[in-house]
Number of protein chains: 2
Amino acid sequence: MTSTDPTPPLRPTRQRRAVVEAMTSFADFRSAQDIHELLGERGDQVGLATVYRTLQRLAEAGEVDVLRTEEGEAIYRRCSESHHHHLVCRSCGATVEVEGPTVERWTRSIAAEHGYAEVSHTLEIFGTCPACA
Amino acid sequence: MTSTDPTPPLRPTRQRRAVVEAMTSFADFRSAQDIHELLGERGDQVGLATVYRTLQRLAEAGEVDVLRTEEGEAIYRRCSESHHHHLVCRSCGATVEVEGPTVERWTRSIAAEHGYAEVSHTLEIFGTCPACA
DNA sequence: CTCCGGTTTGACAATCGTTCTCAACTGATC
DNA sequence: GATCAGTTGAGAACGATTGTCAAACCGGAG
């Protein structure tokens with residue numbers, strides 16, 4: 001913890017590039033397995049373990065968002081860098097990134113009111129999108 | 001789907017009572033396995049599968065809240081009946097139920113703005129409680 | 001009280017998403 | 001082209017959760 005690199009150099013391998021690229025090919029949340037399958041169909045053979053590893057890295061780096069389905073499965077989606085939330089269609093998965101000072105302020109004040117520090121929060125909105133209505 | 005009971009009668013067995021009672025003995029979120037263990041320590045021997053089943057029933061009935069840990073594990077906690085959210089201590093798990101019209105209004109308006117209907121949402125706030133600070 | 005049919009239980013197997021292992025491989029560097 | 005840390009992938013291992021199914025249980029009818 002004194003002088004070692006916290007993040008060792010990342011090599012831009014064929015597999016990593018393939019995963020990153022695949023992430024740009026859809027706009028909703030997909031599971032690691034889905035993405036693995038998608039890669040296969042495209043002809044980019046990538047091991048399942050590698051897909052998991054890569055998604056993890058991307059998530060840590062804040063380049064993809066991770067959500068949990070009701071069943072506890074992790075699902076991923078590329079995302080913008082700033083803090084935001086999602087409005088997700090329950091039926092087709094169509095996702096809109098949303099943000100706004102209102103919630104941020106509200107959560108902060110609620111936390112402060114109870115003396116909680118280092119506040120973070122998760123918020124997802126679900127609904128039926130216009131196309132699926 | 002025509003005349004069958006959607007919810008067959010629930011029998012108040014020893015096991016079910018034990019689980020319900022155990023749920024009142026702590027205020028933070030616990031995993032099914034934790035609760036199973038807790039029951040064992042108390043002397044209330046209940047099968048793990050039964051604990052899972054019972055917690056599921058309770059959750060469906062809205063008598064307990066279910067959350068997912070970062071790792072995807074389901075954790076449970078008894079809760080009040082009305083819609084609310086949680087302010088959870090990252091370090092000790094101490095939980096406060098919070099609510100307020102602000103977020104409810106905000107999510108509704110955001111959803112409306114994008115034409116999403118039948119809106120619901122999940123929101124959890126994490127922080128360090130005063131005792132752990 | 002006893003019998004009966006549906007409910008519940010629990011030990012154990014089976015799923016399934018995810019992570020681990022480890023030998024083979026790759027790419028940047030000298 | 002030799003070197004070496006970072007990577008990969010096949011398959012085993014894991015851990016939470018759910019399914020299976022025979023035995024135990026319960027409450028009402030007789």
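Here is how names work: the chains are called A, B, and so on, in the same order as the sequence lines, proteins then strands, and each is numbered from 1.
Atom-to-atom, CG of L55(B) to P of dT8(C) comes out at 16 Å; the value is rounded to the nearest Å. Going from atom CG of L58(B) over to atom P of dT8(C) covers 13 Å, rounded to whole Å. Counting to the nearest Å, the P atom of dG15(D) and the NE2 atom of H36(B) are 17 Å from each other. Regarding L67(B), its CG atom lies at a distance of 17 Å from the P atom of dA16(D), rounded to whole Å. Atom CZ of R17(B) and atom C1' of dT7(C) are 15 Å apart (whole Å). Distance L39(A) CG to dT8(D) C1': 14 Å, rounded to the nearest Å.
Applying the side-chain hydrogen bond (donor to acceptor under 3.5 Å, both in side chains) rule to D44(B) yields no partners; only residues at least two apart in sequence or on another chain are considered. Every residue was checked against the ring pair (Phe, Tyr, Trp, His ring centres under 6.0 Å) condition with H114(B), not counting sequence neighbours, and none meets it. By the ring pair (Phe, Tyr, Trp, His ring centres under 6.0 Å) test, H36(A) pairs with no residue at all, sequence neighbours left out.
The side chain of Q15(B) places an N or O atom within less than 4.0 Å of a non-bridging phosphate oxygen (OP1 or OP2) of dG10(C). A close approach under 4.0 Å does not occur between any side-chain nitrogen or oxygen of R16(B) and OP1 or OP2 of dC25(D). A sub-4.0 Å separation between OP1 or OP2 of dG10(C) and a side-chain N or O of R14(B) is present.
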Next item on the list: Quick one, give me the B/S/- string for nucleotides 16-27 of chain C, reading 5' to 3', where B means a protein heavy atom under 4.0 Å from the base and S means that only happens at the primed atoms, P, OP1 or OP2.
Entry: -SBBBB----B-
Next item on the list: Using Watson-Crick or G-U wobble pairs with both distances under 3.5 Å, give me DNA chain C in dot-bracket, 5' to 3', with [ ] for crossers and | for pairs to another strand.
Entry: ||||||||||||||||||||||||||||||
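For the pair H85(B) (side chain) and L123(B) (backbone), a donor-acceptor distance under 3.5 Å is present. The main-chain N or O of F26(B) is found under 3.5 Å from a side-chain atom of R78(B) such that the two form a donor-acceptor pair. Panel note: side chain E73(A), backbone S31(A); no donor-acceptor pair is recorded below 3.5 Å.
Across C89(A) and C132(A), no two heavy atoms sit closer than the pair SG-SG, 3.9 Å.
Cluster partners of Y52(B) are L48(B), counting Ile, Leu, Val, Met, Phe, Trp and Tyr whose side-chain heavy atoms approach within less than 4.5 Å, directly or via other members.
Defined by atom type and a distance below 3.5 Å, a donor-acceptor pair is missing between the side-chain atoms of T54(B) and Q15(B).
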